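This chain uses plain numbering: 1 for the first residue, then up along the sequence. Note that the structure is predicted; figures quoted are calculated from it, not measured.
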Amino acid sequence: MAAISDIRRELSEISSSEWPAFIERYGTDERTGVQKLVEKCRKQMEKAAEEDARLEHMLFYEKKYYEDYDYICGIDEAGRGPLAGPVVAGAVILPKGLKIPYLNDSKQLSAKRREELFDIIMEKALAVGVGVASPERIDEINILQATYEAMHQAVAELKVKPQILLNDAVYIPGLDLPQEKIIKGDAKSLSIAAASVIAKVTRDRMMVAYDEIFPEYGFAKHKGYGAKAHIEKIQSIGPCPIHRRSFITHFI
């Protein structure tokens, strides 16, 4: 009879595909410690099944086009609302049917989870593109047009040419590609969710780098958004080169 410590170690080391065999192997063991481990394994299976169902639901829009297209691209942006820094767009083409556990709208994820998913997406995606529009460009042509420019750049950067775009809440003008505009798409489409993670992590890293150049504003903490401390700092010492002048006119 295996020691409980050995069974605990076994559970920690086996893959999810081995969970049913683990439950069958130890399900009749009457020791309390073993039954707790079996119950833990059952809960892991239930949680994994729920996550798989969620991911399957988030493939709804992709599956609409599986028969006609091989390269379905999700598009999203990060940074339309901040007072400082660029707006960044992400474009991601995932392999058909790929489910990346815990992938979701980047706003629903912790910073740590976003970083983890960023690396997984970069590894598993067929293609990833990023586009950036500077604060100066935002002031010059307005945030919506700058966002479209960043999205154009992101699509152009893809090493695989997309056949259709799934966009989060926008239709991108000037692109000769089929598009579907999906409201709250980053929570409904895995491709868009992947793009949202790429855009958000890329922009956050840029703002952390800007924090080293302009440390007095706290960019690493609030990423340029209109936090009270950020606004007070703009009012007390004025804007820096990465502030969007068109966004802060009522603060200065």
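Pairing each heavy atom of Ala133 with each of Ala146, the nearest pair is CB-O, 3.5 Å. The heavy-atom pair separating Gly90 from Ala199 by the smallest distance is N-CB, 3.7 Å. Between Trp19 and Ala48, the shortest heavy-atom distance links the atoms CZ3-CB, 3.9 Å. When all heavy atoms of Arg244 and Val87 are compared, the pair lying nearest together is NH2-N, 3.8 Å. When all heavy atoms are compared, the tightest approach of Ala154 to Ala89 is CB-O, 3.8 Å. Between Leu117 and Pro101, the closest heavy-atom pair is CD2-O, 3.6 Å.
Between the side chain of Lys188 and the backbone N or O of Ile183 there is at least one donor-acceptor pair closer than 3.5 Å. Under the 3.5 Å distance criterion, the side-chain polar atoms of Arg80 are left unmatched by any main-chain donor or acceptor of Ile143. For the pair Glu77 (side chain) and Val88 (backbone), a donor-acceptor distance under 3.5 Å is absent. Using modelled atom types, no side-chain atom of Arg42 and backbone atom of Ile23 make a donor-acceptor pair closer than 3.5 Å. One N or O on the side chain of Arg245 and one on the backbone of His243 form a donor-acceptor pair closer than 3.5 Å.
Remark: Glu24 CD is loosely packed, at most 12 non-hydrogen atoms of other residues, nucleotides or ligands lying under 6.0 Å away. Counting heavy-atom neighbours within 6.0 Å of Lys124 NZ, excluding the residue itself, gives a total of 12 or less.
The structure places OG of Ser191 at 12.5 Å from CG of Asp186, a figure rounded to the nearest 0.5 Å. Atom NZ in Lys40 sits 5.5 Å away from atom CG in Leu11 (nearest 0.5 Å). To the nearest 0.5 Å, atoms CD (Glu10) and OG (Ser5) are separated by 11.5 Å.
Classified by interplanar angle (parallel below 30°, tilted 30° to 60°, perpendicular above 60°), the ring pair His230/His222 is parallel.
Side-chain atoms of Ser189 and Glu62 form a donor-acceptor pair, as typed in the model, at a separation below 3.5 Å.
Leu83 is listed as a side-chain neighbour of Phe251, based on a closest heavy-atom distance under 4.5 Å. Between Ile7 and Phe22, some side-chain heavy-atom pair lies under the 4.5 Å cut-off. Two residues are said to be in side-chain contact when any heavy atoms from C-beta on lie closer than 4.5 Å; Pro239 and Ile248 meet this criterion. Phe214 has its side chain within reach of Pro241: a pair of non-hydrogen atoms, C-beta onward, lies under 4.5 Å apart. Between Leu59 and Tyr66 there is a side-chain heavy-atom pair separated by less than 4.5 Å. Within the 4.5 Å cutoff, the side chain of Pro82 has no heavy atoms near those of the Met207 side chain. A heavy-atom distance below 4.5 Å is found between the side chains of Gln145 and Asn142. Under the 4.5 Å side-chain criterion, counting only non-hydrogen atoms from C-beta, Tyr217 is in contact with Ile237.
Legend: side chain to side chain donor-acceptor pair (under 3.5 Å) pairs involving residues 129-141, not counting sequence neighbours, sorted by first then second residue: Ser134-Glu136, Arg137-Glu140, Arg137-Glu149, Asp139-Ser246. Residue pairs that meet the salt bridge (Lys or Arg N to Asp or Glu O under 4.0 Å) test with at least one member in residues 209-231, sequence neighbours left out, do not exist here.
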- Please assess Met58 against Asn104 for the test side-chain contact (heavy atoms from CB on, under 4.5 Å), listing each intermediate value before the final yes or no. CA-CA 9 Å; Met58 287 186 71; Asn104 203 347; 4.2 Å; yes
task: Give the C-alpha distance, both sets of side-chain angles, the deciding distance and a yes or no for salt bridge (charged side-chain N to carboxylate O under 4.0 Å, His left out) between Asp204 and Arg114.
output: CA-CA 10 Å; Asp204 282 358; Arg114 286 195 297 266; 3.7 Å; yes
Begin from the C-alpha positions of Glu46 and Lys43 and carry the test salt bridge (charged side-chain N to carboxylate O under 4.0 Å, His left out) through to its verdict.
CA-CA 5 Å; Glu46 291 172 3; Lys43 289 181 178 179; over 6 Å; no
Between Lys200 and Lys107, does the side-chain contact (heavy atoms from CB on, under 4.5 Å) criterion hold? Intermediate values first, please. CA-CA 9 Å; Lys200 175 64 173 169; Lys107 296 184 292 296; over 6 Å; no
Passes side-chain contact (heavy atoms from CB on, under 4.5 Å), Phe247 versus Ile138? Steps please. CA-CA 9 Å; Phe247 278 49; Ile138 293 169; 3.9 Å; yes
Take Gln35 and Tyr26 through the side-chain contact (heavy atoms from CB on, under 4.5 Å) test and state the conclusion after the steps. CA-CA 8 Å; Gln35 285 306 303; Tyr26 299 112; over 6 Å; no
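Both cation-pi conditions hold for Arg205 and Phe118: the charged atom is under 6.0 angstrom from the six-membered ring centre and inside a 45 degree cone around its axis.
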Under 3.5 Å donor-acceptor pairs involving side-chain atoms of residues 155-177, not counting sequence neighbours:
from, atom 1, to, atom 2, distance (Å)
Glu157, OE2, Val130, N, 3.1
Gln163, OE1, Asp70, N, 2.6
Gln163, OE1, Tyr71, N, 2.8
Asn167, ND2, Val170, O, 3.2
Asn167, ND2, Gln179, OE1, 2.7
Asp168, OD1, Gly185, N, 2.8

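When the side chains of ILVMFWY residues are joined at heavy-atom separations under 4.5 Å, either directly or via intervening members, Ile75 and Ile72 end up in two distinct hydrophobic clusters. Linking Ile, Leu, Val, Met, Phe, Trp and Tyr whenever their side-chain heavy atoms come within less than 4.5 Å leaves Tyr65 and Ile93 in two separate clusters. Taking hydrophobic clusters as Ile, Leu, Val, Met, Phe, Trp and Tyr residues chained together by side-chain heavy-atom distances below 4.5 Å, Ile100 shares a cluster with Val201. Clustering ILVMFWY residues whenever any of their side-chain heavy atoms sit less than 4.5 angstrom apart, transitively, puts Ile213 in the very cluster that holds Phe219. The hydrophobic clustering, which links ILVMFWY residues whose side-chain heavy atoms are closer than 4.5 Å, places Leu126 and Ile192 apart.
Ion pairing between Arg54 and Glu51 holds under the 4.0 Å rule for side-chain N and carboxylate O. A salt bridge is absent between Glu50 and Lys47; no separation between the charged side-chain nitrogens and carboxylate oxygens falls under 4.0 Å. A salt bridge between Arg25 and Glu18 is absent, with no side-chain N of the basic residue lying under 4.0 Å from a carboxylate O of the acidic one.
The residue from Leu103, Asp76, Val92 that alone fulfils the side-chain contact (heavy atoms from CB on, under 4.5 Å) condition with Ser196 is Asp76.
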